[in-house]
Q: 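Following this message is one structure expressed as structure tokens.
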Amino acid sequence: MKLNKHKPAQHTEMEFGGALGAACIPVFLPLTVLYLLSVCRTPGGALLQWPPPLPHSTFLWDPVAAAIMVGWISLQSALYLLPMGKVSEGLVLRDGSKLKYPINGFHALCMTAVLLAVCVCLGMPLGYLFDLVLPLAVCAIGVSYLLALYLYIRSFWAPAHQLALGGNTGNPLYDFFIGRELNPRIGSFDLKFFCELRPGLIGWVVLNAAMLMKEVELRGSSSLAMLLVNGFQLLYVTDALWNEEAVLTTMDIVHDGFGFMLAFGDLAWVPFTYGLQAMFLVIHPQTLSPLSALGIILLNGVGYSIFRKSNSQKNQFRRDPAHKSIAHLETIATATGKRLLVSGWWGFVRHPNYLGDILMALAWSLPCGVSHLLPYFYVVYFSILLVHREARDERQCRAKYGLAWDTYCRRVPYRIIPYIY
Ligand SMILES: NC(=O)C1=CN([C@@H]2O[C@H](COP(=O)(O)OP(=O)(O)OC[C@H]3O[C@@H](n4cnc5c(N)ncnc54)[C@H](OP(=O)(O)O)[C@@H]3O)[C@@H](O)[C@H]2O)C=CC1
Ligand SMILES: CC(C)=CCC[C@@H](C)[C@H]1CC=C2C3=C(CC[C@@]21C)[C@@]1(C)CC[C@H](O)C(C)(C)[C@@H]1CC3
């Protein structure tokens, strides 16, 4: 293979605070994960406490955790490679080609669930993962660093058309962080697509199940709050894997390179911070009245319905605009030949899917009560992420659609929350 001397792209706009952000985020975010997990295990559970509850170094490393991590990634890789489900094509790449992706994430989830159930029946102490969570997170962070380093180095052998447009600035720190190569593959194994949905997302619900088991071990039964958190998040992950094909058109797959940010986000951030509520409930049990539970279920249902219907409406429109379920919707033309929906969900606000996602995030935290800030970490982080993501998407759409995008913004003035934002 020939080492390619890529000319850095001229005037690429740096995101996430540029080189300074790229230097700080890979240190700050892993420390945040470890800090949050440590706070979660303290009886006080206060997010801001002095002195901070720093774990002793002996709690950070455990060879069992390393073995579990290797076993887990190997299992998910093997399931990814099994010839189950269909094979789908991604969007057209810059060289005119299309990549093929195995759509078998839902099968992988089901097979993992069966394997886990068998192991638990045979006596495997799943609840032990609660005690191992810190060393497991350390291993996931280590794997993200190694993977990002591998991705950065191998990108110099990739042809120029396979590089992400925003990931080739010539600044090594920034390019390592944001990712140079768009779709790095080993043979037909797509590393970004695999990481986006498999080890982290499925790992998240397995950790949740472990927290439930730990609660049963400690208190003899699982609480309503724990069941709700587990149920809601399992629905979210199952939905993502059931609709796996739709991920092929997201910003992460189509536009962003694969570097530290996504590797760490997929493998460490998602499994170890998205499930903080379940971890919190193990040490800080909550009693939930049937009426509050009903209200929370309703909120999650409304959020999920907006999230799913709006995402499906857009996916259907992009795949087949003449389909009978959306043919009645009003659209506007753009100079690219693609049209934009201006009625239906996409005429309500410009990002109805984000609105639904935020409502669900709130429903995941409410079962933990309102006495602590920690279970609301996800809602706060996620709102910031989506506001930032909305701004990035808006910039890209304005560049792509020009005047038509301005017309759309006039027709649909609110971004995420009607009459507010
Ligand atoms: N749980 C988590 O951590 C995260 C969840 N998410 C979720 O992932 C899902 C996907 O989000 P994301 O990838 O950010 O982007 P979206 O699914 O919102 O897609 C944005 C794209 O949709 C197209 N589009 C925008 N407006 C219209 C319109 N009016 N008519 C037709 N097409 C339009 C444009 O692409 P084009 O015109 O080129 O088709 C635009 O770039 C969301 O539900 C989000 O909530 C996202 C990030 C993190
Ligand atoms: C703080 C930090 C390192 C952020 C990196 C961001 C990533 C954690 C997220 C970027 C986009 C994501 C998506 C999902 C999970 C989080 C990341 C990876 C997603 C797989 C969750 C499930 C949804 O149904 C989804 C498939 C639409 C979604 C896609 C985007």
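Atoms within each ligand, like the ligands themselves, are counted from 1 in listed order. Residue numbers count from 1 along this sequence.
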Q: Going by the atom numbers of ligand 1, which of them fall below 4.0 Å from some non-hydrogen atom of D357?
A: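 Here the atoms of ligand 1 in question are 5 (C), 6 (N), 7 (C), 43 (O), 44 (C), 45 (O).
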
Q: Going by side chain to side chain donor-acceptor pair (under 3.5 Å), name the residues that satisfy it together with K86, two or more places apart in sequence or in a different chain.
A: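 Side chain to side chain donor-acceptor pair (under 3.5 Å) list for K86, sorted by chain: E245.
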
Q: Short list, please: which atoms of ligand 2 are under 4.0 Å from a heavy atom of A240?
A: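 Numbered from 1, ligand 2 contributes 22 (C), 24 (O), 26 (C).
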
Q: Under 3.5 Å, N or O to N or O, is D252 touching ligand 1 that way?
A: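 In this structure, D252 places no N or O atom under 3.5 Å from an N or O of ligand 1.
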
Q: Only heavy atoms count here, so choose which of W242, Y236, F382 is nearest to atom 23 (C) of ligand 2.
A: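 It is Y236 whose heavy atom sits nearest to atom 23 (C) of ligand 2.
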
Q: Kindly state whether the ring of W364 and the ring of F382 have centres lying under 6.0 angstrom apart.
A: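 Aromatic pair excluded; centres sit 6.0 Å or further apart.
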
Q: Where does V237 meet ligand 2, judged by heavy-atom distances below 4.0 Å: at the side chain, the backbone, both, or neither?
A: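 Looking at V237 and ligand 2, no heavy atom falls under 4.0 Å.
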
Q: Classify the contact between L197 and ligand 2 as side chain, backbone, both or neither, using a heavy-atom distance cut-off of under 4.0 Å.
A: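 Side chain only.
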
Q: Tell me the nearest of I358, N353, I416 to atom 10 (C) of ligand 1, using heavy-atom distances.
A: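 It is N353 whose heavy atom sits nearest to atom 10 (C) of ligand 1.
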
Q: Does T250 come within less than 4.0 Å of ligand 2, judged by its heavy atoms?
A: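 The answer is no: ligand 2 sits nowhere under 4.0 Å from a heavy atom of T250.
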
Q: If you count heavy atoms of other groups shown closer than 6.0 angstrom to CE of M111, is the number above 12?
A: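 Atom CE in M111 is not packed in, count stays at 12 or less.
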
Q: Which of the atoms of ligand 2 are close to D266, meaning less than 4.0 Å from one of its heavy atoms?
A: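 Counting atoms of ligand 2 from 1, those under 4.0 Å from D266 are 18 (C).
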
Q: Run the numbers for me: atoms of ligand 2, each under 4.0 Å from some heavy atom of D252, listed by number.
A: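 The list of qualifying atoms is 10 (C), 11 (C).
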
Q: Examine the proximity of ligand 2 to H388 and report which part, side chain or backbone, both or neither, has a heavy atom under 4.0 Å away.
A: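 Answer for H388: neither.
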
Q: Are the side chain of S312 and the backbone of K309 linked by a donor-acceptor contact shorter than 3.5 Å?
A: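 Absent.
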
Q: Cation over ring, R41 on F130, under 6.0 Å and within 45°?
A: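 Satisfied, under 6.0 Å and within 45°.
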
Q: Please determine if R198 forms a cation-pi arrangement with F189, meaning its NZ or CZ atom is less than 6.0 Å from the six-membered ring centre and no more than 45° off the ring axis.
A: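 No, cation not above the ring by the 6.0 Å, 45° rule.
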
Q: List in chain and number order the residues that pass side chain to side chain donor-acceptor pair (under 3.5 Å) with Q162, two or more places apart in sequence or in another chain; answer none if no residue qualifies.
A: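 With neighbours one apart ignored, the set is empty.
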
Q: By number and element, which atoms of ligand 1 are closer than 4.0 Å to a non-hydrogen atom of Y408?
A: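 So the atoms of ligand 1 that pass are 29 (N).
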
Q: Under 4.0 angstrom from atom 8 (O) of ligand 1, is there any protein heavy atom?
A: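 No; the ligand atom in question lacks any protein heavy-atom contact below 4.0 Å.
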
Q: Using a 4.0 Å cutoff against the non-hydrogen atoms of L29, which atoms of ligand 2 qualify?
A: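 Those atoms are 1 (C), 3 (C).
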
